[in-house]
Amino acid sequence: MKLRNVSLLLIALGFLILVILGIGQVPTKAAANFIPAHVGFREMITGLTEPVFITNAGDSSGRLFIVERAGRILLYKKRVLAPTPFLDIRSIVNSAGGEQGLLALAFHPNYRMNGQFYTVFTDQSGNLVLSRFTQSSSNPDLADPDSRITLLVIPHPVNQNHNGGTLAFGPDGYLYWSTGDGGSAGDPPNNAQNLNLLLGKILRIDVDHVDPGLNYAIPPSNPFVGNPNARPEIWAYGLRNPWRFSFDRMTGDIFIGDVGQASREEIDFQPAASTGGENYGWRVMEGTLCYDPATGCDQSGKVLPIIDYDHSLGCAVTGGYIYRGSLFPDMQGQYFYSDICSGIIFSIYHDPMTGWTGTQVVDTPYAISTFGEDEQGGLYFTDHYAGRIFQMCYGPTAAPACIPPTITGNAGVAGATMHYTDGIPMTAQADSLGNYSIVISYNWTGTVIPSKGGYSFTPASRTYTNQVTDANAQNFTAVAAHQIWLPLVAR
């Protein structure tokens with residue numbers, strides 16, 4: 001597929017109005033030296049079945065959690081996909097429709113202490129179910145499937161499509177949930193504009209407290225609290241199928257990828273200082289165009305997207321993340337997103353002088369259903385139908401950054417254990433000849449320490465700084481400790 005220039009809509013005037021009104025502030029400035037051709041990716045995980053969500057637990061474990069649409073959550077730890085699923089609830093998940101299934105996963109901000117996490121799935125009636133689970137008390141790499149508590153069920157019985165769904169905790173500690181408009185085409189009941197329904201919305205709830213009659217609490221700062229004509233869970237509305245949204249981990253801004261009808265795909269934006277209540281326009285608007293009515297629609301009170309594109313570039317947007325990792329400074333401040341139909345990866349950033357600016361990064365052959373972040377802010381994306389996950393990277397040429405460097409050598413003795421930390425403590429074992437090989441992250445800084453009972457090593461360790469190439473012949477000398485035998489003394 002040939003790269004084409006993206007037709008971008010810069011809503012500079014609307015954004016300026018938001019700033020004047022004090023609703024929010026511009027995002028942190030992006031790195032000045034970003035070169036799209038330097039973005040690359042490497043295959044990291046294979047053997048999955050329709051992966052739809054990637055996230056981390058925020059517990060300093062270095063683990064990635066991968067959601068499969070049919071109802072499994074898989075665990076990737078120390079560069080290995082665990083053979084046993086973290087959670088398997090296929091028996092209660094309805095994945096009959098292509099947009100149904102286990103859709104999202106969010107770990108409680110205090111997961112390390114309370115072991116709580118949250119899922120959204122479609123049940124056998126097609127309804128959207130928000131549940132809480134807890135980690136197994138005996139194994140941190142397993143969930144307790146019997147711990148499930150249903151927090152909220154949203155009726156969705158008519159159509160299989162437009163279920164939304166992302167779950168994410170905001171910087172305020174509240175749980176946000178994006179829901180689709182209920183399906184069909186064109187939102188016939190106008191659910192997205194109906195404030196008495198929870199479809200076509202972003203919801204915001206407090207999962208740490210309980211209000212009477214609910215399994216959660218309503219944050220008192222939600223925009224429709226006290227309004228008898230609106231559900232108090234609603235944070236924003238006027239969305240068609242906000243399949244993937246994310247928080248900027250640095251600023252708290254929200255980026256929303258809302259899948260369009262037949263003409264436009266859009267990325268919506270909510271600044272961190274927003275007090276909620278935004279109407280993103282659907283079904284009155286589809287992106288920046290009128291939809292119902294087709295002409296002369298009332299745009300007053302609608303928040304238009306920061307960018308939209310037509311269907312020559314795809315057919316279903318996949319919202320992504322703004323890069324805040326430390327490994328690739330030139331990617332800082334770029335929001336990456338894609339389209340599952342075309343496989344094109346795009347990026348946008350906010351220029352203080354010209355407003356929102358974007359480009360095509362790369363035209364891939366992959367069906368990208370989701371992006372994900374690790375604990376350090378590294379970015380990943382799926383190849384949905386092939387069941388693969390790729391890691392994004394950046395370098396003077398894409399390939400070197402995507403091929404992780406190795407440290408190889410001889411430990412001086414068979415079976416020595418090589419200790420190092422790459423996000424989390426790691427080990428590698430020397431073979432029967434003493435040879436070892438360690439795969440490290442690009443731009444890695446750290447120390448390799450050999451050990452084996454009864455041996456001392458020279459040097460005692462080797463330290464590396466910003467390692468971007470292979471380090472070979474990193475040898476050690478192992479010396480057996482002297483053993484002193486004392487004769488038995490007759491008594």
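Predicted model, so just to flag it, every value in this text is computed and none were measured.
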Colleague: Answer whether the closest heavy-atom distance between the side chains of Ile267 and Phe346 falls below 4.5 Å.
Modeller: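 The answer is no, as the side chains (C-beta and beyond) never meet within the 4.5 Å cut-off.
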Colleague: Just by distance, do the side chain of Tyr420 and the backbone of Ile440 share a donor-acceptor pair under 3.5 Å?
Modeller: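 No.
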Colleague: About how many Å separate CG of Asp268 and CG of Asp258, when rounded to the nearest 0.5 Å?
Modeller: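 Asp258 atom CG to Asp268 atom CG measures 6.0 Å (nearest 0.5 Å).
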Colleague: Within the structure provided, determine whether Phe34 and Tyr323 are in side-chain contact (heavy-atom separation under 4.5 Å).
Modeller: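 Sidechains of Tyr323 and Phe34: no contact.
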Colleague: Looking at Ala236, is its backbone amide N or carbonyl O close enough to the side chain of Glu278 to form a donor-acceptor pair, meaning the two atoms are under 3.5 Å apart?
Modeller: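 The answer is no, because no donor-acceptor pair under 3.5 Å joins these two groups.
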Colleague: Search all heavy atoms of Phe381 against all heavy atoms of Ile345 and return the closest pair with its distance.
Modeller: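 Taking Phe381 first and Ile345 second, the nearest heavy atoms are CE2-CD1, 3.9 Å.
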Colleague: How far apart are the closest heavy atoms of Pro450 and Ser461, and which atoms are they?
Modeller: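 In this case the closest contact between Pro450 and Ser461 is CD-CA, 4.4 Å.
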Colleague: Where does the angle between the aromatic ring planes of Phe86 and Phe117 fall among parallel (under 30°), tilted (30 to 60°) and perpendicular (over 60°)?
Modeller: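 Taking Phe117 first and then Phe86, their aromatic rings sit tilted (interplane angle of 30° to 60°).
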Colleague: Let me see the working for Tyr335 and Tyr349 under ring pair (Phe, Tyr, Trp, His ring centres under 6.0 Å), right down to the final yes or no.
Modeller: CA-CA 6 Å; Tyr335 173 78; Tyr349 72 96; over 10 Å; no
Colleague: Please tell me if the side chains of Ser342 and Leu313 come closer than 4.5 Å, counting only heavy atoms from C-beta onward.
Modeller: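 No - every pair of side-chain heavy atoms lies 4.5 Å or more apart.
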Colleague: Does the plane of the ring in Phe457 sit parallel, tilted or perpendicular to the ring in Tyr455? Use 30° and 60° as the thresholds.
Modeller: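 Ring orientation, 0 to 90° scale: tilted.
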Colleague: Taking atom types as modelled and ignoring hydrogens, do the side chains of Asp248 and Thr251 form a donor-acceptor contact shorter than 3.5 angstrom?
Modeller: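 The answer is yes; a qualifying pair exists.
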Colleague: With a 3.5 Å distance limit and no angle check, can you tell me whether Asp374 reaches the backbone of Asn56 through a side-chain donor-acceptor pair?
Modeller: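 Pair absent, no side-chain N/O of Asp374 close to backbone of Asn56.
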Colleague: Phe476 ring centre to Arg462 NZ or CZ under 6.0 Å, with the angle to the axis within 45°?
Modeller: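 The answer is yes; both the distance and angle limits are met.
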Colleague: Please check if any side-chain donor atom of Ser437 sits under 3.5 Å from a side-chain acceptor atom of Thr406, or the reverse.
Modeller: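 The criterion, which ignores hydrogens and geometry beyond distance, is not satisfied for Thr406 and Ser437.
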Colleague: Quick check: does any side chain N or O of Thr359 sit under 3.5 Å from a backbone N or O of Val361, one acting as donor and the other as acceptor?
Modeller: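 No, Thr359 side chain to Val361 backbone: no donor-acceptor pair under 3.5 Å.
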Colleague: Among Phe107, Phe133, Phe169, find the residue that satisfies the ring-ring contact (aromatic ring centres under 6.0 Å, His included) test when tested with Tyr118.
Modeller: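 Among Phe107, Phe133, Phe169, the one that satisfies the ring-ring contact (aromatic ring centres under 6.0 Å, His included) with Tyr118 is Phe169.
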Colleague: Pairing donors with acceptors under 3.5 angstrom, does anything connect the side chains of Thr445 and Thr465?
Modeller: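 Distance-only check fails for Thr445 and Thr465.
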Colleague: From Ser338 OG over to Ile344 CD1, what is the distance, rounded to the nearest 0.5 angstrom?
Modeller: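 So the gap between those two atoms works out to 7.5 Å.
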Colleague: Does one side chain, of Gln334 or Ser347, offer a donor that lies under 3.5 Å from an acceptor on the other?
Modeller: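 Judged by distance alone, the side chains do pair up.
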Colleague: Would you say Ile35 and Tyr394 make side-chain contact, with heavy atoms under 4.5 Å?
Modeller: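 With C-beta onward as the side chain, the pair touches.
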Colleague: Testing the basics here: between Tyr436 and Gln474, what is the closest heavy-atom pair and its distance to 0.1 Å?
Modeller: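 Smallest interatomic distance, heavy atoms only, reads OH-O, 2.5 Å.
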Colleague: Hey, does Val479 have a side-chain heavy atom less than 4.5 Å from the side chain of Thr458?
Modeller: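 No, side chains not in contact.
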Colleague: Walk me through whether Thr55 and Glu373 qualify under side chain to side chain donor-acceptor pair (under 3.5 Å).
Modeller: CA-CA 6 Å; Thr55 191; Glu373 274 187 314; over 6 Å; no
Colleague: State the OG1-NE2 distance between Thr49 and His384, to the nearest 0.5 angstrom.
Modeller: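 Going from OG1 on Thr49 over to NE2 on His384, the span is 10.0 Å.
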Colleague: A side-chain contact here means heavy atoms from C-beta on lying under 4.5 Å apart; do Ile306 and Phe255 qualify?
Modeller: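 Yes; the side chains approach each other to less than 4.5 Å.
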Colleague: Is there a side-chain contact between Asp59 and Glu375 in this structure, where contact means two heavy atoms from C-beta onward sitting under 4.5 Å apart?
Modeller: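 Yes - at least one pair of side-chain heavy atoms lies under 4.5 Å apart.
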Colleague: Distance-only, no hydrogens or angles: does the Gln332 side chain make a donor-acceptor pair with backbone N or O of Asp330 under 3.5 Å?
Modeller: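 No, the answer is negative, given that no donor and acceptor are paired below the 3.5 Å cut-off.
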Colleague: Closer than 3.5 angstrom, by distance alone: can the side chain of Thr122 be matched with the main-chain N or O of Gly101 as a donor-acceptor pair?
Modeller: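 Yes, because the side chain of Thr122 sits within donor-acceptor range (under 3.5 Å) of the backbone of Gly101.
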Colleague: Without swapping roles, check the side chain of Asn241 against the backbone of Trp243 for a donor-acceptor pair under 3.5 Å.
Modeller: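 Between the backbone of Trp243 and the side chain of Asn241 there is no qualifying donor-acceptor contact (under 3.5 Å).
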Colleague: Where is the tightest heavy-atom contact between Ala411 and Ala478, given as atom of each residue plus distance?
Modeller: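 Smallest heavy-atom distance, with atoms named: O-CB, 4.0 Å.
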Colleague: So, the side chain of Arg204 versus the backbone of Gly170: is there a donor-acceptor pair under 3.5 Å, distance only?
Modeller: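 Pair absent, no side-chain N/O of Arg204 close to backbone of Gly170.
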Colleague: Classify the side-chain pair Arg244/Thr166 by whether it contains a donor and acceptor separated by less than 3.5 Å.
Modeller: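 Result is yes, a qualifying pair exists.
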Colleague: Do the ring centers of Tyr380 and Phe390 come within less than 6.0 Å of each other?
Modeller: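 No; Phe390 has its ring centre 6.0 Å or more from that of Tyr380.
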Colleague: Just how far is it from atom OG1 of Thr179 to atom CG of Leu128, taken to the nearest 0.5 Å?
Modeller: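 One gets 7.0 Å once the value is rounded to the nearest 0.5 Å.
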Colleague: Just how far is it from atom OG1 of Thr288 to atom CG of Asp308, taken to the nearest 0.5 Å?
Modeller: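 Answer rounded to 0.5 Å: 3.5 Å.
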Colleague: So which atom in Trp444 and which in Thr421 form the shortest heavy-atom distance, rounded to 0.1 Å?
Modeller: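 The answer is NE1-O, 2.9 Å.
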Colleague: Counting only heavy atoms not in Arg112, do more than 12 fall under 6.0 Å of its CZ?
Modeller: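 Open.
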Colleague: Quick check against the 3.5 Å criterion: does Thr364 have a side-chain atom that pairs as donor or acceptor with the backbone of Gly343?
Modeller: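 A pair under 3.5 Å: yes.
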Colleague: Is it true that a side-chain atom of Glu286 and a backbone atom of Gln261 form a donor plus acceptor pair closer than 3.5 Å?
Modeller: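 At least one qualifying donor-acceptor pair exists.
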Colleague: So Asp208 and His108, do their side chains get closer than 4.5 Å, heavy atoms only?
Modeller: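 His108 vs Asp208: side chains touch.
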Colleague: In terms of relative ring orientation, are Tyr176 and Trp235 parallel, tilted or perpendicular, with 30° and 60° separating the classes?
Modeller: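 Tyr176 vs Trp235 ring planes: perpendicular.
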Colleague: Just checking, is any N or O donor in the side chain of Tyr280 or Glu266 under 3.5 Å from an acceptor N or O on the other one?
Modeller: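 On atom types as modelled, these side chains do not qualify, holding no pair under 3.5 Å.
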Colleague: Please round to the nearest 0.5 Å and tell me the distance separating atom CD1 of Ile66 and atom CG of Leu74.
Modeller: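 Between Ile66 CD1 and Leu74 CG, I get 6.0 Å after rounding to 0.5 Å.
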Colleague: How close do Glu265 and Ala316 get, counting heavy atoms only, and between which atoms?
Modeller: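 Minimum heavy-atom separation between Glu265 and Ala316: OE1-CA, 3.4 Å.
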